[in-house]
Student: 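Mind looking over this structure? Questions follow.
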Number of protein chains: 2
Amino acid sequence: MREPPVTGGRSPDLRDYETSNCPVAGAMDILGEKWTLLVLRDLFAGVRRFDEMQARLGAPRALLSKRLRRLEDAGIVQRVAYREPGARARHEYRLTDKGKDLNTILVALKEWGDRWVNAPGRAPTDLVDRETGAPVRLALVRGGDGREVTARDLRMVPGPGAIPKRQA
Amino acid sequence: MREPPVTGGRSPDLRDYETSNCPVAGAMDILGEKWTLLVLRDLFAGVRRFDEMQARLGAPRALLSKRLRRLEDAGIVQRVAYREPGARARHEYRLTDKGKDLNTILVALKEWGDRWVNAPGRAPTDLVDRETGAPVRLALVRGGDGREVTARDLRMVPGPGAIPKRQA
DNA sequence: ACCCCAAATTCATATTTTGAACTCAGCATA
DNA sequence: TATGCTGAGTTCAAAATATGAATTTGGGGT
């Protein structure tokens, strides 16, 4: 009756566990509001000032303000004071380590968008190795030997934090 | 005046290009509505029926219905007819290739959530290699030799589809 | 003919988002 | 001392979305 999941083997069935501590849900709780991931895209692209971000996004100023505050509260961005010569002190937004660690999420979105949304071979940006200039991409790798595996080799199993449902 | 982006080198500045064809924006346009990525999480976990999904998510039925239709229209899920013995024909939702390719996005969200949202070392699921059982993770790899690189080695440069802004 | 079930749809109420206008603080200029 | 400018917001009314409960739909089984 229960058919195997896309990412999974025969058993155990992931559906027999609680979703309350799901890390995807936890991440989406912070990142899932409208504009938030695009704000982060801009931060990764080096945009740090409110007005520049607002102009690029076209988001309502009130929303942008709200989102930046939420990201600050979550420890993803940090307000940093700066002063341009002959202007008063202001502040800009910078990614914290927790924020920079969102990198793979943005890269994954970019790669999927490049493959399925835009015209093929017309990506507006490329990711390259800083030293060699060789293209860089996201891949699933096996711990230990660091060998690449395909999505079909992947299996999801209950981890140390899995919470079984009563009455499966 | 322009400070270097987090992911980038000295120049060219990515902010001098249009954002209209941004693949992240394109992806978020489809995936960015409330519940959508959690629906996909469930589909990856093997949930295929409307009611089971609704019960797990706690989302309003109307929304879930709307989201599934949108994912179907986008070619990410497919309605497939099935019949359980002694019941009438129904249909279930399955990921298409385009949908399965969202895998890395979900894995990236999972990994970030595991690192920053949940209690350390208490991930509810582990990703393992189907054959060896070895842990699998997402990594940035260099094309050609397939060597892993760090986020600090990464640089974003304008690609073939980059559209310069007038009057930079 | 009547009941059950999965898969929705409807509808009234809440919450969010939008866009334009307004505020605020401090430097510059007169 | 007043006036203006600029970046970074806040306010507010209208529009769009989300919520949750109740209802509908289309078969099949008894």
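Any value given below was found using the heavy atoms of this structure, including those in side chains, with hydrogens, waters and symmetry copies removed. Lettering follows sequence order; numbering is per chain, from 1.
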Student: Given C/dG19, D/dA18, D/dT6, identify the nucleotide with an atom nearest to the side chain of A/P60.
Tutor: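 Looking only at heavy atoms from C-beta outward on A/P60, the closest nucleotide is C/dG19.
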
Student: Within the structure, does a side-chain N or O atom of B/S65 lie under 4.0 Å from either OP1 or OP2 of C/dT9?
Tutor: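 For C/dT9, OP1 or OP2 has a side-chain N or O of B/S65 closer than 4.0 Å.
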
Student: Using OP1 and OP2 only, check whether a side-chain N or O of A/K34 sits under 4.0 Å from D/dA16.
Tutor: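 False: A/K34 side-chain N/O out of range (4.0 Å or more) of D/dA16 OP1/OP2.
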
Student: Please confirm whether any donor atom in the side chain of A/R49 sits under 3.5 Å from an acceptor in the base of D/dA8, or the reverse.
Tutor: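 Answer is no: no donor-acceptor pair is held.
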
Student: On the side chain of A/R90, is there an atom forming a donor-acceptor pair with the base of D/dA8 - under 3.5 Å, no angle test?
Tutor: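 Result: no qualifying N/O pair found.
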
Student: Please give, in whole Å, the distance from C/dC27 C1' to A/Y82 OH?
Tutor: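 Going from A/Y82 (OH) to C/dC27 (C1'), I get 14 Å.
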
Student: Whole angstroms only, please: what is the CZ-P distance between A/R88 and D/dG4?
Tutor: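 Atom-to-atom, A/R88 to D/dG4, this comes out as 18 Å.
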
Student: OP1 or OP2 of C/dA6 versus the side-chain N and O atoms of B/Y93: is any pair under 4.0 Å?
Tutor: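 So the side chain of B/Y93 is outside the cut-off, no N or O lying under 4.0 Å from OP1 or OP2 of C/dA6.
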
Student: Given atom CZ of B/R83 and atom P of C/dA6, what is their separation to the nearest angstrom?
Tutor: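 The answer, rounded to whole Å, is 15 Å.
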
Student: Would the base of D/dA8 count as contacting A/R61 through its side chain, where contact means a donor and an acceptor less than 3.5 Å apart?
Tutor: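 Checked by distance alone, the answer is yes.
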
Student: Using atom NE2 of A/H91 as one end and atom C1' of D/dA8 as the other, report the distance to the nearest whole Å.
Tutor: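 Atom NE2 in A/H91 sits about 7 Å away from atom C1' in D/dA8.
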
Student: Starting from the 5' end of DNA chain C, give me the residue, B/A62 or A/A62, whose nearest nucleotide shows up first.
Tutor: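 Looking at DNA chain C, the more 5' nearest nucleotide goes with B/A62.
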
Student: Check whether any side-chain N or O of A/R67 sits under 4.0 Å from OP1 or OP2 of C/dT17, and answer yes or no.
Tutor: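 For A/R67, the contact criterion (side-chain N or O under 4.0 Å from OP1 or OP2 of C/dT17) is met.
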
